[in-house]
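For reference, the structure discussed in these notes is given below.
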Amino acid sequence: MDLKNKKNNFKKPLGKNSKKNFHFNMYWIYATLLIVIGIIWFSGDSDKSINREIQWSKLEQVLLKKDYSKINVINKDYAEVYIKPDAIKTDTTYNDLKPKTNFFGTQSYPKDAFYTYKFGDFTYFRDQLKDVENQWIARDTIGIESMVRKNEIISSHRINLTPVTRKNFWGESLSLLFPFIILIIIWIVFFRMMRGGSSGSGGMGGGIFNVGKSKARLYDKDNDTKITFADVAGLEGAKLEVMEIVDFLKNPKKYTDLGGKIPKGALLVGPPGTGKTLLAKAVAGEAKVPFFSLSGSDFVEMFVGVGASRVRDLFKTAKEKAPCIIFIDEIDAIGRARGKNLASGSNDERENTLNQLLTEMDGFGTNAGVIILAATNRADVLDKALLRAGRFDRQIHVDLPDLEERKAIFKVHTKNLKFDKKQVDTDFLAKQTPGFSGADIANVCNESALIAARHNKKLIGKQDFLDAVDRIIGGLEKKNKVIAPNEKKAIAYHEAGHASVSWMLEHAHPLVKVTIVPRGQALGAAWYLPEERQITTKSQLLHQMISLLGGRAAEDIVFGEVSTGALNDLERVTKMAYSMVAYYGLNDKIGNLSYYDSSGQSEYGFTKPFSEKTAEQIDIEIRKMIDQAYQKAKDILIENREKLDKLAMQLVEKEVIFREDLELIFGKRPFDKDKEQDSEKISSEDNNNESSDKNISSTEDNSKIQE
């Protein structure tokens with residue numbers, strides 16, 4: 001072991017950083033090479049002589065004055081008109097060819113100073129020169145009658161052109177080689193990218209050639225996550241089971257000496273936001289063994305066979321690092337039950353990946369020292385073979401935190417907050433948020449800080465936390481939204497109906513406050529304190545249904561007609577009644593029967609688990625139950641009509657009323673227990689009307705029916 005550690009230490013200086021720097025330098029070399037080639041390509045031969053490009057008007061003057069010494073035609077592309085040094089010295093026309101004074105104060109006039117004239121067509125250029133020659137001849141032969149003399153003058157005025165062919169060695173050579181050099185460089189860069197050599201990420205895969213490699217990220221002793229079990233508040237039962245797995249890896253001999261076998265896998269199951277992934281990060285921080293982390297979607301690829309290849313590569317690497325832990329988040333991406341793909345006969349890449357995972361977890365090969373952790377919030381859709389003993393031996397349920405666990409979670413998330421410790425009590429906050437997950441509580445703490453900062457406060461107060469809870473449950477207040485007076489009155493009676501009915505029912509949730517200020521998509525909302533209970537009785541469910549129908553009943557009694565505002569109320573009441581009749585066996589006609597399929601096998605089923613006659617009877621009983629609840633709500637409101645009107649008028653005037661206001665109107669609630677009045681969750685009951693008509697708020701209860 002010592003020798004192995006020395007070898008590993010010796011290799012460290014040539015690790016990821018050195019490779020990354022090497023690849024970084026290589027790309028700079030490629031870039032520099034391209035720049036040099038480009039400069040050579042576009043530069044061509046440079047003439048150090050003093051020269052200027054001119055137009056035909058100036059060239060014509062030079063030719064007429066005969067200040068040129070020679071004219072060279074370069075590759076029939078352009079002409080170089082060389083000017084006599086004496087003309088440069090004496091004629092100011094050629095000042096642009098004069099060199100600047102050098103360091104020693106002297107000037108030198110080069111013999112090869114010339115103008116450059118670029119012509120479009122050589123024949124046309126030659127015709128232009130003919131015109132200049134004719135001007136000379138016409139000017140110098142005036143009055144001369146001797147033909148011999150005329151011929152001498154004509155021959156002396158001819159403009160001689162010297163054709164010059166110039167070859168650019170670099171230009172001609174690179175004109176052939178440059179495209180191939182570019183293709184080679186691109187091919188080298190692309191090849192290195194396909195190999196994943198420049199990724200620099202912590203992953204194990206990357207690139208087209210490594211498409212079958214696992215994308216798991218490795219955490220080892222040198223790359224600790226810094227998250228431990230101390231950072232995971234609540235989840236005490238889940239932590240105990242996970243800590244036992246960590247102990248298996250740290251002290252395996254303690255268990256194997258008694259003949260026991262280390263479990264191969266554990267599945268974390270629970271609602272979203274309860275801390276499954278955080279728990280896995282804590283395992284990585286506590287285990288002090290290699291920890292491979294990846295998501296179920298990392299196995300999925302467009303290429304056939306890639307998922308199975310990545311599974312094989314993952315377990316091959318894990319065996320080399322054993323003892324170690326593999327964590328697969330959202331395993332339902334590849335772990336869905338097989339045989340439910342409606343496209344029968346097609347090649348299902350996900351099923352191939354799952355088959356390979358099953359084989360690796362408990363096949364002919366051995367995976368000693370490799371423990372698999374997985375997380376999902378949809379355990380009902382997982383394949384049964386994946387959940388059997390020998391693969392995922394344990395299912396660890398990560399449920400919503402209870403009161404004591406919420407206190408601990410608040411203490412963790414308020415650790416770095418600046419709040420008024422005299423006003424804010426974590427016990428009080430925990431009582432206001434039953435049913436909240438760990439992620440919800442973290443959001444409450446963060447939102448309270450934002451609200452306090454928005455009001456320029458130095459410390460976060462108690463009201464800031466309560467406003468944060470209200471905003472998370474009901475949405476942001478829309479105080480500037482204009483509502484017509486008749487609609488405002490209808491909303492007030494709707495919310496007053498909910499509040500009045502719930503106040504008069506024993507098992508309805510106690511009210512905290514009612515508002516008709518628009519919040520989110522709702523035009524009004526009511527906050528209640530539902531009890532934290534593990535089971536729900538028939539009478540409790542019936543009272544909740546009556547309370548939900550109180551808003552519509554109030555509209556019917558006061559205005560003689562109902563509106564679309566009770567959409568959410570009706571939806572929830574219908575689902576609640578259906579559950580009571582078809583699932584929980586709480587109906588006398590249907591009896592003690594439950595048609596709920598907890599196995600999830602009927603996900604793609606096309607038939608109901610009951611006959612048409614039974615379905616008709618279920619519909620009748622649901623309708624009868626809802627009609628009875630609606631009539632009960634109307635009876636309560638008719639009996640307390642004066643109190644309903646008074647409460648609605650206060651809502652119209654104040655827009656927000658609290659529990660104390662209801663006590664002044666209705667008196668003390670006779671069903672409340674003194675010790676439990678302020679100890680339960682504030683639940684927003686919002687109206688989420690999805691139609692295009694006017695919205696009137698309905699109540700929404702966050703308490704969950706036990707299934």
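Atom CD1 of residue I328 and atom CG of residue L267 lie 10.5 Å apart, to the nearest 0.5 angstrom. Rounded to the nearest 0.5 angstrom, L279 CG and K281 NZ are separated by 12.0 Å. Note that CG of L644 and CD of E639 are 12.5 Å apart. Values are rounded to the nearest 0.5 Å. Taken from OG in S448 to CG in L466, the straight-line distance is 10.0 Å, to the nearest 0.5 Å. Summarising the geometry, atom CD1 belonging to I622 is positioned 8.0 Å from atom OG1 belonging to T574; distances are rounded to the nearest 0.5 Å. Annotation: the span from R336 atom CZ to D380 atom CG amounts to 9.0 Å, rounded to 0.5 Å.
Considering every non-hydrogen atom in both H413 and A442, the closest pair reads CE1-CB, 3.5 Å. For the pair V398 and A238, the tightest heavy-atom approach, listed with the atom from each and the gap, is CG2-CB, 4.1 Å. The two residues A385 and R388 have their closest heavy-atom pair at O-CG, 3.4 Å. Shortest non-hydrogen contact noted between D383 and A337 is OD2-CA, 3.5 Å. The shortest heavy-atom contact between S547 and A508 is CB-CB, 4.4 Å. The shortest heavy-atom contact between A333 and R350 is O-CD, 3.3 Å.
A donor-acceptor pair is defined here as one N or O able to donate and one able to accept, closer than 3.5 Å; no such pair exists between the side chain of W503 and the backbone of E663. Between the side chain of D393 and the backbone N or O of G390, at least one donor-acceptor pair lies under 3.5 Å. In terms of modelled atom types and a separation under 3.5 Å, the side chain of K276 and the main chain of G270 share a donor-acceptor contact. With R406 contributing its side chain and P401 its backbone, the two residues share a donor-acceptor pair below 3.5 Å. No donor-acceptor pair closer than 3.5 Å links the side chain of N640 to the backbone N or O of K643. Under the 3.5 Å distance criterion, the side-chain polar atoms of K538 are matched with a main-chain donor or acceptor of L586. Counting only distance, with no hydrogens or angles, the side chain of R552 and the backbone of V562 share no donor-acceptor pair below 3.5 Å. Under a 3.5 Å cut-off, the side chain of Q423 and the backbone N or O of G461 do not form any donor-acceptor pair.
The aromatic rings of H507 and H543 lie tilted to each other, with the angle between the two planes from 30° to 60°.
The only member of L429, I460, L417 that meets side chain to side chain contact (heavy atoms under 4.5 Å, CB included) when paired with V424 is L429. Checked options L664, L651, I665; the residue passing with I657 is L651 (criterion: side chain to side chain contact (heavy atoms under 4.5 Å, CB included)).
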Requested in this report: Please lay out, stage by stage, how H498 and D569 fare under the test side-chain contact (heavy atoms from CB on, under 4.5 Å).
Outcome: CA-CA 10 Å; H498 284 305; D569 296 335; 3.3 Å; yes

Query raised in the report: Going through the distances and angles, do F327 and V283 end up as a side-chain contact (heavy atoms from CB on, under 4.5 Å)?
Result: CA-CA 10 Å; F327 174 64; V283 172; over 6 Å; no

Query raised in the report: Between R641 and D645, is a salt bridge (charged side-chain N to carboxylate O under 4.0 Å, His left out) present by the stated rule, with each step listed?
Result: CA-CA 6 Å; R641 175 62 189 271; D645 294 336; 3.0 Å; yes

Report task. Would you sort out whether K407 and E404 count as a salt bridge (charged side-chain N to carboxylate O under 4.0 Å, His left out), showing the intermediate values? Result -> CA-CA 5 Å; K407 291 180 185 178; E404 294 300 323; 3.3 Å; yes

Query raised in the report: Going through the checks in order, is the side-chain contact (heavy atoms from CB on, under 4.5 Å) test met by M625 and L542?
Result: CA-CA 9 Å; M625 188 178 295; L542 288 174; 4.0 Å; yes

Query raised in the report: Can K489 and M649 be said to form a side-chain contact (heavy atoms from CB on, under 4.5 Å), step by step?
Result: CA-CA 8 Å; K489 184 179 179 181; M649 290 302 102; 4.3 Å; yes

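Within the 4.5 Å cutoff, side-chain heavy atoms of F666 are placed close to those of L647. Between L358 and L386 there is a side-chain heavy-atom pair separated by less than 4.5 Å. Taking the side chain as every heavy atom from C-beta outward, M545 and I626 approach each other to under 4.5 Å. The closest side-chain heavy-atom distance from Y630 to V573 is not below 4.5 Å. In this structure the side chain of T433 never reaches within 4.5 angstrom of the side chain of D440, judged on heavy atoms. Taking 4.5 Å as the limit, some side-chain heavy atom of I636 sits within range of a side-chain heavy atom of L505. Taking 4.5 Å as the limit, every side-chain heavy atom of Q432 sits out of range of all side-chain heavy atoms of F465. In this structure, S500 and L637 have side chains that are in contact, with non-hydrogen atoms separated by less than 4.5 Å.
Within a 6.0 Å sphere centred on NZ of K239, other residues, nucleotides and ligands contribute more than 12 heavy atoms. Remark: N592 CG is loosely packed, at most 12 non-hydrogen atoms of other residues, nucleotides or ligands lying under 6.0 Å away. With a 6.0 Å radius and a threshold of 12 heavy atoms from other residues, nucleotides or ligands, R623 has its CZ atom at or below the threshold.
When only modelled atom types and interatomic distance are considered, Q631 and D627 share no side-chain donor-acceptor pair under 3.5 Å. Counting only N and O atoms by type, the side chains of Q540 and Q544 include no donor and acceptor under 3.5 Å apart.
Between K457 and D464 there is a salt bridge, since a side-chain N of the basic residue sits under 4.0 Å from a carboxylate O of the acidic one. A salt bridge links E621 to K624: one of the charged nitrogens lies within less than 4.0 Å of a carboxylate oxygen. For E642 and K646, the salt-bridge test fails: no basic side-chain N is under 4.0 Å from an acidic carboxylate O.
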